[in-house]
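First listed ligand is number 1; within each ligand, the first listed atom is number 1. Note that the structure is predicted; figures quoted are calculated from it, not measured.
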Amino acid sequence: MTAYIVRLEERITYKEIPGIVKRVFLPEHLDVLSRGRITVIRILPEIEKFLIRTRKECYTQFYQRSIQRWKYNLPPGPFCWPLIGSYEVIQAKFLHEIFVKYAKKYGPVFTVSLGPYQMVVLNDINSVTEALVKSKADFANRPSIHSVHMFTEESKDIAFANYTPTWKLHRKIAGKALRQYLAGNRLEDVLHASMKKCLPLMDKENGAFNPEKYIDLMVFNILTAVCFGESVELDDPEFIKFMKLSKEANEMVGKGFVEDMFPIMYKIWTTNKYRTVAKTMNELISIIKRKFEEHEETFNIVIRKHLRQTVFDIFSAGIDTSRVTLGFAVRYMAGLPEIQSKVQEEIDRVVGKDRLPTVKDRENLSYTEATLHEVMRLGTAVPVGLPHSTICDTRVGGYDVPKDTMVMINHWALHHDPRYWKEEEKFDPTRYLDENGKLGMKPESWLPFSAGRRVCLGETVAKPELHLIFATIMQRFKITLPEGTNPKVELGGSGGITIPAPYKIIVKERNII
Ligand code: HEM
């Protein structure tokens, strides 16, 4: 089975080969031959092998799935092609949306495939609690995905490594380090220093602007302080480069790589998308590596790669989620003047106008905290969380889930489940308050940080960090939308992280501090 592309022209060079062919094949995989006026681009034998193997893989997967369906009582789900999976899932801009559609048809626990990955998706709090909490560690592994393995230096990180004794120790040490960091006033000091630099710059903006770069800096400075005890300025070239690369990588990673559907491609050829992301990830890791080497003497406890990846985890998992949540917070407040005023009234009453909010104020700023909870619900930053994988044959929602099945948690579905949220699309901070206006029990179906063995490691940092930044911005500025802007918040981004669609705000100083 030899694949040929024939052109009725003179002999051509690699440069002249049509873009579509080059996007898929590297020069070394193409044999350009000339036969008089006919140029033949012959794909080399490795590719032929790949095509044959793909066909075999298709049959194997078809039989394996048939046997699984016969052996186990798997959750129902839509029709999925072998190797390709559900075409609708591949096409979907947001996975959480198509998952909600399937949940309506097949129930809160369903099976769907994306490429070769057959996954079980959990869409309500009962199934999520059963899997993540009641089933102990059954769902605590991570699926083995080749690209993730490469980008995490062979799974030396926390977020994507399997649930092993080494991982448990790694997570314990990192968790302890974060808790120790938070024990003093350091978070507050770093944040206040960073806010004092950012707020006057925001104030100087003329007219409508996008506050993204200021939010990025506030969040970045907290994490550089946690990891390296230092902070940077808005024009720091490394900060600018890191944020640019990180956003590019997020945007491109989207729903993953075709190479992960056909891992043999890694041996034969890789797509442009994969090569570009690999380059971006290498650049990101080298920034961390350089910073890490500068501070190496302070990090001599565990293996180097583990530490480097821990720092990378903190930056990648911590920055995007926090900056996106704060972006949503600012965008929601700009479109909801009444709620903004209530937040400001509370801050003025509890903190006053002569000092910046502190971590201690948080317990007395219930409405402000409830507003952030509502931002995290409606603008769920990580709508389908991180993929889990089963350690053993197990069960959820009355169905079997075989060992090594990928399991996704649809946090978005939990946060919009009409059985738990009255008028689920309405922004209403009072959902979280008791009759005395104090923060009550956490609503059952509110789970932005997930739960169980793989619960977000940074929850203890994220909560006070988001609170301090949000309260400080609200204390200082009245935020509005430029005239004519629709107050409704639209979703942007793709793949794993949702962001508010591009927006601009106008800030007006509230004449305090
Ligand atoms: C608004 C802020 C944040 C949100 C909404 C959030 C959400 C999440 C979610 C949904 C997961 C997946 C949990 C699972 O697998 O079930 C996760 C994992 C994780 N997060 Fe966060 N996160 C936030 C901030 C942070 C911060 C600030 C850090 C670091 C300081 C961080 C570090 C991590 C790590 C290391 C993991 C992997 C945990 C593991 O696999 O055991 N996150 N986060």
Side-chain angles (χ1 to χ4, degrees), residues 96 121-122 128-129 131-133 135 137 139-143 148 152 155-164 166-182 187 190-191 215 218-227 306-307 309-329 369 372-390 406-415 446-470 496-499:
H96 64 266
V121 186
L122 311 181
V128 171
T129 314
L132 300 189
V133 184
S135 305
F139 290 78
N141 258 1
R142 295 289 188 207
V148 172
T152 54
S155 306
K156 296 293 184 299
D157 68 329
I158 296 175
F160 291 100
N162 265 341
Y163 186 76
T164 60
T166 317
W167 176 86
K168 282 194 235 175
L169 176 67
H170 189 181
R171 188 175 154 123
K172 201 169 156 188
I173 295 170
K176 196 169 168 199
L178 286 178
R179 280 193 301 279
Q180 271 175 2
Y181 185 84
L182 291 172
L187 182 71
V190 171
L191 194 100
I215 293 176
M218 293 165 198
V219 171
F220 189 87
N221 267 345
I222 291 187
L223 297 177
T224 38
V226 169
C227 297
H306 277 90
L307 270 171
Q309 282 294 328
T310 310
V311 171
F312 191 60
D313 259 356
I314 290 179
F315 271 84
S316 53
I319 289 188
D320 287 331
T321 45
S322 307
R323 75 178 175 81
V324 163
T325 305
L326 285 163
F328 272 118
E369 186 72 2
L372 264 179
H373 279 36
E374 191 65 339
V375 167
M376 279 193 250
R377 179 180 78 82
L378 282 169
T380 310
V382 203
V384 289
L386 294 180
H388 287 241
S389 177
T390 45
M406 189 192 283
V407 178
M408 306 284 281
I409 315 293
N410 191 354
H411 296 267
W412 180 273
L414 265 57
H415 290 170
W446 187 80
L447 210 67
F449 297 99
S450 197
R453 304 290 203 272
R454 305 299 297 233
V455 65
C456 171
L457 179 74
E459 184 174 351
T460 44
V461 180
K463 282 180 168 168
E465 167 208 35
L466 295 176
H467 185 92
L468 271 182
I469 298 179
F470 180 60
I497 298 236
T498 46
I499 53 172

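- Within the 4.0 Å heavy-atom shell around ligand 1 one finds Leu466.
- With values rounded to the nearest 0.5 angstrom, Tyr181 atom OH is found 6.5 Å from Leu187 atom CG.
- Using bins of under 30°, 30° to 60° and over 60° for the plane-to-plane angle, the ring pair His415/Trp446 lands in the parallel bin.
- For ligand 1, the polar-atom distance check against Ser322 finds no nitrogen or oxygen pair separated by under 3.5 Å.
- Remark: minimum distance from atom 40 (O) of ligand 1 to any protein heavy atom is reached at Arg142 NH2, 2.8 Å.
- Put simply, CG on Asp320 and CD1 on Ile497 are 4.5 Å apart, with the number rounded to the nearest 0.5 Å.
- Judged by distance alone, with hydrogens and angles left aside, the side-chain atoms of Asn162 form no donor-acceptor pair with the main-chain N or O of Asn141 at under 3.5 Å.
- The distance from the NZ atom of Lys156 to the OG1 atom of Thr166 is 9.5 Å, given to the nearest 0.5 Å.
- For atom 24 (C) of ligand 1, the nearest protein heavy atom (residue, atom name, distance) is Thr321 OG1, 3.2 Å.
- In this structure the side chain of Phe328 reaches within 4.5 angstrom of the side chain of Thr498, judged on heavy atoms.
- Near Thr325, meaning under 4.0 Å from one of its heavy atoms, ligand 1 places the atoms 1 (C).
- If you take CG on Leu414 and CZ on Arg377, they are separated by 11.5 Å, rounding to the nearest 0.5 Å.
- If you look at Cys456 next to ligand 1, the close heavy atoms, those under 4.0 Å, come from the backbone and the side chain alike.
- The closest approach between any non-hydrogen atom of Ile314 and ligand 1 is below 4.0 Å.
- For atom 16 (O) of ligand 1, the closest non-hydrogen atom of the protein is Ser450 OG, 2.5 Å.
- Of all protein heavy atoms, the one closest to atom 9 (C) of ligand 1 is Pro448 O, 4.1 Å.
- Regarding atom 4 (C) of ligand 1, its nearest protein heavy-atom neighbour is Phe449 CE2, 3.5 Å.
- Taking every heavy atom of Ala159 and a limit of under 4.0 angstrom, the matching atoms of ligand 1 come to 37 (C), 40 (O).
- Ranking the protein heavy atoms by distance from atom 33 (C) of ligand 1 puts Ala317 CB, 3.6 Å first.
- Heavy atoms of Glu459 come nearer than 4.0 angstrom to ligand 1 in no pair at all.
- Distance check, rounded to the nearest 0.5 Å: CD of Glu369 to CG of Leu466 gives 8.5 Å.
- Ligand 1 lies within reach of Trp167, whose nearest heavy atom is under 4.0 Å from it.
- The shortest N or O to N or O distance between Asp313 and ligand 1 is not below 3.5 Å.
- Of all protein heavy atoms, the one closest to atom 28 (C) of ligand 1 is Gly458 CA, 3.4 Å.
- Arg453 contributes no side-chain N or O that, together with a main-chain N or O of Leu132, makes up a donor-acceptor pair within less than 3.5 Å.
- Taking atom 41 (O) of ligand 1 as the reference point, the nearest protein heavy-atom neighbour is Arg171 NH1, 2.6 Å.
- Put simply, the side chain of His411 does not reach to within 4.5 Å of the side chain of Pro448, judged on heavy atoms.
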